[in-house]
Amino acid sequence: MTNIDIITQMRALIQALKKHNHAYYVLDNPVITDGEYDSLRAKLVELESNFPHLKQPDSPIDDVGGEPLPFFTQITHDIPMLSLGNVFDKDDIANFVRRVNDRLDDKSKNPKFEMELKLDGLAVSLKYVNGIFTQAVTRGDGRVGEDITHNVRTIRNLPLVLPDCVDIELLEVRGEVLMPKAGFAKLNQDSHAKGEKTFANPRNAAAGSLRQLNPNIAKARPLAFYGYSVIQGLPNNIDTQSGAMEFLKHQGFDVSPFKVVANLGQIDEFYQATMSGRDELPFEIDGMVVKVNSLALQEDLGFLSREPRWATAYKFPATTATTRLLDVEWQVGRTGQLTPVGKLDPINVGGVTVSNVTLHNFGEIQRLGVMIGDVVSVHRAGDVIPKVSGVMMDLRDDNVREVSLPTTCPVCASPVVLPEGEALARCTGGFICTAQVQEALKHFVSRRAMDIDGLGSQWLVKFFEMGFIKTVADIYRLSDKVDVLQNLEGLGEKSVANILFAIEKSKATTLPRFIFALGIRGVGESTALNLAQHFGKLDDLQKASVEELLKVVDIGQITAQNIHEFFNNTHNMVIVNDLIALGVHWQAVVKDVGNAPLDNQTWVVTGTLSGMGRDEAKAHLQALGAKVSGSVSAKTTALLAGEKAGSKLDKATELGVRVVGEDEFMAMLAKYGR
Ligand code: IVH
């Protein structure tokens, strides 16, 4: 890299960081996540430390961040509000502890540390004069902040009078104003329902609430204050940070859990324990803060530039990371859908290396505006499959190229179509596309379909490649090939017997499972059940016209046409008849005749039920005669709503549809003997 290249990169990063600082601090409307911001910042820090002679004079790296808003009274802090350095792993925290020790004289070495949660809110400084709350100021740029006393006064857990502090002329307490997760979810839900702007995260909601001139807005928001330091006026007999926290607690402040630890092992223990319990906390945290516990030693250690030497933030691994999108490959699914899979420059996201990421469909690529060669941010939440959450447009260079939808299938070369207004492109190859056939075979044997658990997809694909299985019906003809199978490498007498036993067992199935296993486009488990209930017999389903199919609950024009086409395709009918001739059978379904308790009713299930899965609840409803639909409409009889019910609940309330909670539902099941 030439100097010009490095400076160009530095300039691009500086400009991006400034723009995002403004969006975050001034507009309260960040366009990228913290992880994305951190990685932009980390890139600039790295360049600056490798090439210090090229460091740009306006680099934002040393800024504490934030410009005071012009319309609030500006207040100069008596003592500047500084920032914390960050560490991200065991080595970093060990270095921090070592650096602390290096600066201490022999008798003070190996000090105790006090650990706190790093609350994800907004730092504020409060003043109490003779025990009376008088002023609250934001951090601003660290030296000058904004007067937000009128808003902070409305925070419900903030003590406005400290009876034990009347003798303290000036007490200055610093801490974090935050919005607890539950309050944030409710606020966004309400705003969404009213068509108002929602907030990206609880911290921005808290910041947005405090940066209001009208205190009634803050008052209506579920804000909370948690104290973490006493800057002026701490009684002389208190000489530790943990003592200061106890003092705050005693005066009626909320403080987050804290702990005094003696060594690196204990630091790590509390860090790990907090990280694993993080989701259960009522508020968001993004790491821990490790502070030297002795206030005298804190004073000895002092500050380096704008960060204390006696404390650091030990951040949790980011769940978002940035990397380059190297290529996009297209995978062909069971019904021919083409799924773009992003090939990434491998990146560690929260402890897991990610090199492939789904881009869902062509529509998603358009929505993201992503191009091959772009730097993208990859987000991973819990066990969820990683996804591309954004594109770093600031870093786009001339080497990017567009992601183009293939015109022919990458597997069978049949034409690809992207129906007007649809996000999913499809291969039109059908049975000649080996990718589609293999996926259809895998679907047929899967647990919720024919449930042939002994026939794993590896062998299934192998048998397909060897020509033993061409269609799903051939699975039931494998028993004719025992001798050949037994001689295959990796398969012996015993495993062949197991596979054949599982196949034999699967012959006794149910009509809904059988319909689902056929893999008709748009026919999931719930639709298969509705079809079975409606028609009772496979014969009647096969003969049904599009008009008749449209009478089945939850079936629209496209699915009705797909079903009709499927059963009018000779190839499909040969396979269905073969399956039955080979012994696949089911018990007759009692057709919906109109005397079950929930006959003629249409139910929708949403949210999380504590006592059973949603599928189980649907099965109960269907067994009681109800139709189960996926969306709420004016025709819906009732909505069964569990915890965290979202838009369906809103819709039901809006339409005046009856909402049934889990308790009522359980009582209803009991009443009908289920
Ligand atoms: S102590 C000299 N303790 O983190 C700075 N800060 O990155 C002393 N924060 O501006 C700060 N929880 O907004 C401290 N338990 C905690 C904290 C905490 C969150 C925030 C605070 C600060 C930022 C520094």
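Because the structure is predicted, anything quoted here is derived from the model rather than measured. In each ligand, atom 1 is the first atom listed, and ligand 1 is the first ligand listed.
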Protein residue, atom and distance nearest to [atom], heavy-atom basis:
atom                    : result
atom 3 (N) of ligand 1  : Lys291 NZ, 3.1 Å
atom 5 (C) of ligand 1  : Leu82 O, 3.5 Å
atom 8 (C) of ligand 1  : Leu84 CD2, 4.1 Å
atom 23 (C) of ligand 1 : Lys118 NZ, 4.0 Å
atom 10 (O) of ligand 1 : Arg139 NH1, 3.1 Å
atom 22 (C) of ligand 1 : Tyr228 OH, 4.0 Å
atom 12 (N) of ligand 1 : Leu119 N, 3.0 Å

What atoms of ligand 1 come within less than 4.0 Å of a heavy atom belonging to [X]?
X      : value
Ala123 : 10 (O), 13 (O)
Val289 : 3 (N), 15 (N), 16 (C), 17 (C)
Glu176 : 9 (N), 13 (O), 19 (C), 20 (C), 21 (C)
Pro308 : 2 (C)

Does the pair [X]/[Y] count as a salt bridge with the N-to-O cut at 4.0 Å?
X      : Y      : value
Glu284 : Arg203 : no
Glu172 : Arg174 : yes
Lys43  : Glu46  : no

Task: Phe303, any N or O under 3.5 Å of ligand 1 N or O - done: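 No - when backbone and side-chain N and O of Phe303 are compared with those of ligand 1, no distance drops under 3.5 Å.
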
Task: Polar atom proximity, Glu116 to ligand 1 (N or O, under 3.5 Å) - done: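 Indeed, backbone or side chain, Glu116 has an N or O that close.
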
TODO: Drop me the distance from Gln241's CD to Glu116's CD, to the nearest 0.5 angstrom.
DONE: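 Between atom CD of Gln241 and atom CD of Glu116 there are 5.0 Å.
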
Open item on the list: More than 12 heavy atoms of other residues, nucleotides or ligands under 6.0 Å from NZ of Lys343: yes or no?
Closed with: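 Above 12, so yes.
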
Open item on the list: Check this for me: Ile4, atom CD1, are more than 12 non-hydrogen atoms of other residues, nucleotides or ligands nearer than 6.0 Å?
Closed with: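 No, because the 6.0 Å sphere around CD1 of Ile4 holds 12 heavy atoms or fewer from other groups.
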
TODO: Start with the C-alpha gap between Thr138 and Glu146, add the side-chain angles, then the distance that decides, and say whether side-chain hydrogen bond (donor to acceptor under 3.5 Å, both in side chains) holds.
DONE: CA-CA 5 Å; Thr138 64; Glu146 298 111 35; 3.2 Å; yes

Open item on the list: Taking the ring centre of each residue, are Phe225 and Phe133 less than 6.0 Å apart?
Closed with: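 No - the distance between ring centres of Phe225 and Phe133 does not fall below the 6.0 Å cut-off.
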
Open item on the list: For Phe96 together with Tyr314, are the ring centres under 6.0 Å from each other?
Closed with: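 Distance test on ring centres: not under 6.0 Å, no.
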
TODO: Pick one of side chain, backbone, both or neither for how Glu307 approaches ligand 1, counting any non-hydrogen atom pair under 4.0 Å.
DONE: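 Looking at Glu307 and ligand 1, no heavy atom falls under 4.0 Å.
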
TODO: Check each heavy atom of Met81 against ligand 1 and say whether those closer than 4.0 Å belong to the side chain, the backbone, both or neither.
DONE: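 No part of Met81 is near ligand 1 at this cut-off.
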
Open item on the list: Donor-acceptor pair, distance only, cut-off 3.5 Å: does the side chain of Ser377 make one with the backbone of Gly390?
Closed with: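 Yes, the answer is positive, given that a donor and an acceptor are paired below the 3.5 Å cut-off.
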
TODO: Measure the distances from the heavy atoms of Leu117 to every atom of ligand 1 and state whether one is below 4.0 angstrom.
DONE: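 In this structure, Leu117 qualifies as a contact of ligand 1 - some heavy atom is under 4.0 Å.
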
